[in-house]
Every structure is written in structure tokens, then in C-alpha cells.
Amino acid sequence: MHGSKLFEVLGAFDPKELRRLHAFLISPFFAQSRSNELVVRLLEWLLPHAPDFRSPLLTKATTFANLFPEKDYHPGQLEKVMTSLLKETYRFLPFHQESQEQSKISLLLAQAHFFQQRGMEKYFTKTINQLHRHQEQRRPRDIDFYYDQYQIDAVISEFASMYNTRNSELHIPETLRSFDNYYLLHRLEYTCKLLSQNQHFVSPNIQDNIDQLEEMLPRMTRNAIAEIPLIRAYITAFDLLRGKE
């Protein structure tokens with residue numbers, strides 16, 4: 001069984017991450033079928049042999065016997081369970097990649113979307129207030145921070161649109177501003193990377209990208225965007241990479 005794709009993927013996890021994968025698989029939300037029981041059993045059989053999975057015990061025959069103690073060896077059945085475990089491992093990746101900070105934001109945003117869709121104004125407002133307080137305390141204020149702020153403003157705008165009247169405020173200017181913040185940060189980041197790379201490898205159409213950014217900067221930095229330290233830092237880097245003083 002050496003060299004299988006499943007072993008290569010599982011071998012990339014550290015012990016703590018493998019324990020989280022196990023907890024993910026045995027949670028009641030997922031453990032609803034016989035096939036899931038076999039997937040969990042396979043992972044539990046493999047865990048003591050992580051991370052290299054080179055134990056002589058890990059033959060196809062011994063692994064099959066552990067999963068199906070009352071059946072004759074059938075390689076197709078084993079491959080099916082291994083494929084299922086790999087598939088579930090891929091499903092786990094979004095949970096694994098999400099930091100604790102992002103996890104809290106995602107949870108609150110999911111609540112806000114639920115209350116927005118159900119028109120539950122009291123609970124929606126309470127959740128939005130929690131999101132605002134959380135954002136105020138966040139450090140560092142990186143690109144993820146500004147993406148989350150855009151998502152918060154967008155769901156507020158969506159909620160306001162449900163009760164749209166001619167005189168109502170739809171939170172659209174705030175949403176556009178937070179979107180501009182996020183977009184400009186990414187545009188600056190990638191353009192700076194492009195300029196840095198261009199010192200060693202000439203990228204095609206680099207001047208078009210520079211011209212587009214130079215054209216939008218005066219308009220987009222005219223307002224409060226210029227007060228965001230991260231944007232100011234990227235603009236400085238952009239100027240330095242172009243050889244400006």
C-alpha cells in the first residue's frame with residue numbers, strides 16, 4: 001500500500017490535525033451510514049502508523065481484514081473505502097484551513113444571513129452588533145479583515161433591501177466603500193508582486209496593469225481609503241518598485 005495518494009495526503013497533516021480530522025469524521029452530523037463507519041475505522045487503523053505509513057502491518061490484506069473481519073479479501077472493496085476516506089479528507093480541508101479568527105466571523109456571518117433571510121430583525125441586529133464589536137477589536141487589519149467587512153456591509157444592505165421604501169437607507173455607499181477597500185488592497189498586492197517578479201522575469205502586459213492601477217489610484221484614494229495603513233503601505237511599495245523616490 002506504500003505510495004498511495006491517500007497516504008501522501010494524510011502524511012501532510014501533523015498529529016493534531018489528524019486528530020481534528022478524526023473528530024470531524026465521527027461527529028454526529030457525518031456519522032450517519034455504514035460506509036462512514038468503515039471510513040472512520042480505516043482512519044483509526046492508519047493513525048498509529050502516521051506520518052509515513054510504512055509499517056509492515058499496512059498491507060492491503062491486513063487492512064481489509066481489519067475492516068471486514070468476516071469477509072474474504074476483496075481489493076475492490078478496500079479501494080472503495082480508501083477513496084471515501086480521501087474524499088472526506090478533502091471535505092475537511094475548508095474547516096482545517098479556516099483560522100480561529102475566520103471561524104468566528106464565518107459563524108456570525110452565517111447567523112446574520114439566516115436571520116436576514118427569515119426577516120428576524122431583532123436577532124439580525126444583535127448579530128450585526130456582535131460582528132461590529134469583533135471587527136473593532138481585530139488585529140492585524142489585514143486583507144481578510146477588509147474582506148470580512150465587505151461581507152458584513154453586504155448582508156446589512158441585503159437586509160435593508162427586504163424592507164425597501166423610497167426613503168429607506170439601503171447601506172449601499174458603505175458596501176461600495178468596503179468593497180473598494182478590499183478590491184484595491186488585492187489589486188495593489190498583486191501588482192506589487194508582479195513588479196517584484198519583473199525584476200527577474202519579464203511578464204507580458206505588465207505596463208497595462210501598472211497603467212490601470214495608476215489610473216484608479218487618484219480616484220480611489222481620494223476618500224477615507226487613503227487612511228487605511230495597509231493601503232498606504234502598498235502604495236509606498238508600488239512607488240518604490242517603480243523606482244520613484
Side-chain angles (χ1 to χ4, degrees), residues 94 97-113 116 124-125 127-245:
Q97 290 294 110
E98 195 170 65
S99 67
Q100 186 175 359
E101 186 75 58
Q102 288 301 108
S103 179
K104 184 165 185 178
I105 287 287
S106 297
L107 176 62
L108 289 172
L109 279 169
Q111 290 179 14
H113 278 289
Q116 175 256 321
F124 177 81
T125 301
T127 303
I128 292 298
N129 289 338
Q130 286 180 275
L131 281 163
H132 284 323
R133 287 195 298 271
H134 189 70
Q135 286 288 89
E136 287 170 5
Q137 297 168 4
R138 277 180 71 175
R139 297 294 185 277
R141 296 196 167 181
D142 53 11
I143 290 179
D144 286 339
F145 170 88
Y146 292 100
Y147 176 65
D148 292 335
Q149 187 58 51
Y150 160 64
Q151 290 192 96
I152 293 167
D153 286 323
V155 75
I156 293 172
S157 181
E158 290 168 11
F159 187 88
S161 297
M162 292 178 61
Y163 304 98
N164 185 15
T165 64
R166 290 184 179 181
N167 298 323
S168 64
E169 169 56 53
L170 299 183
H171 201 74
I172 292 175
E174 294 85 353
T175 305
L176 288 171
R177 184 164 60 249
S178 59
F179 177 77
D180 284 345
N181 291 345
Y182 173 66
Y183 170 77
L184 182 57
L185 276 167
H186 256 312
R187 183 82 197 209
L188 281 162
E189 178 190 29
Y190 283 117
T191 305
C192 286
K193 286 181 179 178
L194 187 64
L195 284 166
S196 180
Q197 180 197 38
N198 198 59
Q199 298 177 24
H200 311 284
F201 171 79
V202 178
S203 302
N205 303 320
I206 186 171
Q207 193 59 47
D208 288 344
N209 286 283
I210 294 172
D211 292 344
Q212 289 172 23
L213 183 56
E214 285 183 324
E215 184 180 343
M216 71 174 64
L217 276 176
R219 296 196 306 271
M220 297 189 76
T221 57
R222 191 176 299 144
N223 302 317
I225 293 178
E227 299 303 315
I228 296 173
L230 188 55
I231 288 181
R232 294 205 307 273
Y234 271 125
I235 290 174
T236 302
F238 178 60
D239 287 340
L240 288 171
L241 286 166
R242 289 181 298 157
K244 288 192 174 183
E245 290 293 334

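Values in this document were obtained by computation on a predicted structure and should not be read as measured data.
The two residues A112 and L131 have their closest heavy-atom pair at CB-CD1, 4.4 Å. Annotation for I172 and S157: closest pair CG1-OG, 3.8 Å, computed over non-hydrogen atoms. Heavy-atom minimum distance, N181 versus I231: O-CD1, 4.3 Å. Across L241 and C192, no two heavy atoms sit closer than the pair CD1-O, 3.4 Å. Y182 approaches Y146 most closely through the heavy-atom pair CB-O, 4.1 Å.
Scored by the side-chain contact (heavy atoms from CB on, under 4.5 Å) test, Y190 finds H186, K193 as partners (sequence neighbours excluded). Residues that satisfy the salt bridge (Lys or Arg N to Asp or Glu O under 4.0 Å) test with D239, not counting sequence neighbours, are R242.
Between L194 and Q197 there is a side-chain heavy-atom pair separated by less than 4.5 Å. For the pair L185/Y147, no side-chain contact is recorded, criterion being any heavy-atom separation below 4.5 Å from C-beta on. The closest side-chain heavy-atom distance from Y234 to I228 is not below 4.5 Å. Between H132 and I156 there is a side-chain heavy-atom pair separated by less than 4.5 Å. For the pair L195/I210, a side-chain contact is recorded, criterion being any heavy-atom separation below 4.5 Å from C-beta on.
A salt bridge is defined here as a Lys NZ or Arg NE, NH1 or NH2 lying under 4.0 Å from an Asp or Glu carboxylate O, and D148 with R138 meets this definition.
If you check the side chains of D153 and S178, you find a donor sitting under 3.5 Å from an acceptor. Looking only at atom types and distance, the side chain of Q212 has no donor-acceptor partner in the side chain of D208 under 3.5 Å away.
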Report task. Decide side-chain contact (heavy atoms from CB on, under 4.5 Å) for L230 and L188; before the verdict, give the C-alpha distance in whole Å, the side-chain angles of both, and the deciding distance to 0.1 Å. Result -> CA-CA 10 Å; L230 188 55; L188 281 162; over 6 Å; no

Query raised in the report: Do E174 and E169 pass the side-chain contact (heavy atoms from CB on, under 4.5 Å) test, and can you show the C-alpha distance, the side-chain angles, and the key distance before you say yes or no?
Result: CA-CA 11 Å; E174 294 85 353; E169 169 56 53; 4.0 Å; yes

Requested in this report: List the steps, then state whether side-chain contact (heavy atoms from CB on, under 4.5 Å) holds for L217 with I235.
Outcome: CA-CA 9 Å; L217 276 176; I235 290 174; 4.1 Å; yes

Query raised in the report: So V155 and E158, side-chain contact (heavy atoms from CB on, under 4.5 Å) or not? Walk me through it.
Result: CA-CA 5 Å; V155 75; E158 290 168 11; 4.1 Å; yes

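Under the 30°/60° scheme for interplanar angles, the aromatic rings of F159 and F124 are found to lie parallel.
In this structure a side-chain-to-backbone donor-acceptor pair under 3.5 Å is present from R141 to E136. Judged by distance alone, the side chain of T127 and the main-chain N or O of L108 form no donor-acceptor pair under 3.5 Å.
If you take NE2 on H171 and CZ on R177, they are separated by 8.0 Å, rounding to the nearest 0.5 Å. Put simply, CE on M216 and CG on L184 are 7.5 Å apart, with the number rounded to the nearest 0.5 Å. E189 contributes atom CD, which lies 14.0 Å from atom CZ of F238 (distance to the nearest 0.5 angstrom). Between atom CD of residue Q130 and atom CG of residue L109 there is a gap of 11.5 Å, rounded to the nearest 0.5 Å. Distance check, rounded to the nearest 0.5 Å: CD of Q149 to CZ of F179 gives 14.5 Å.
Counting non-hydrogen atoms of neighbouring residues, nucleotides and ligands closer than 6.0 angstrom, the OH atom of Y150 reaches no more than 12 such neighbours.
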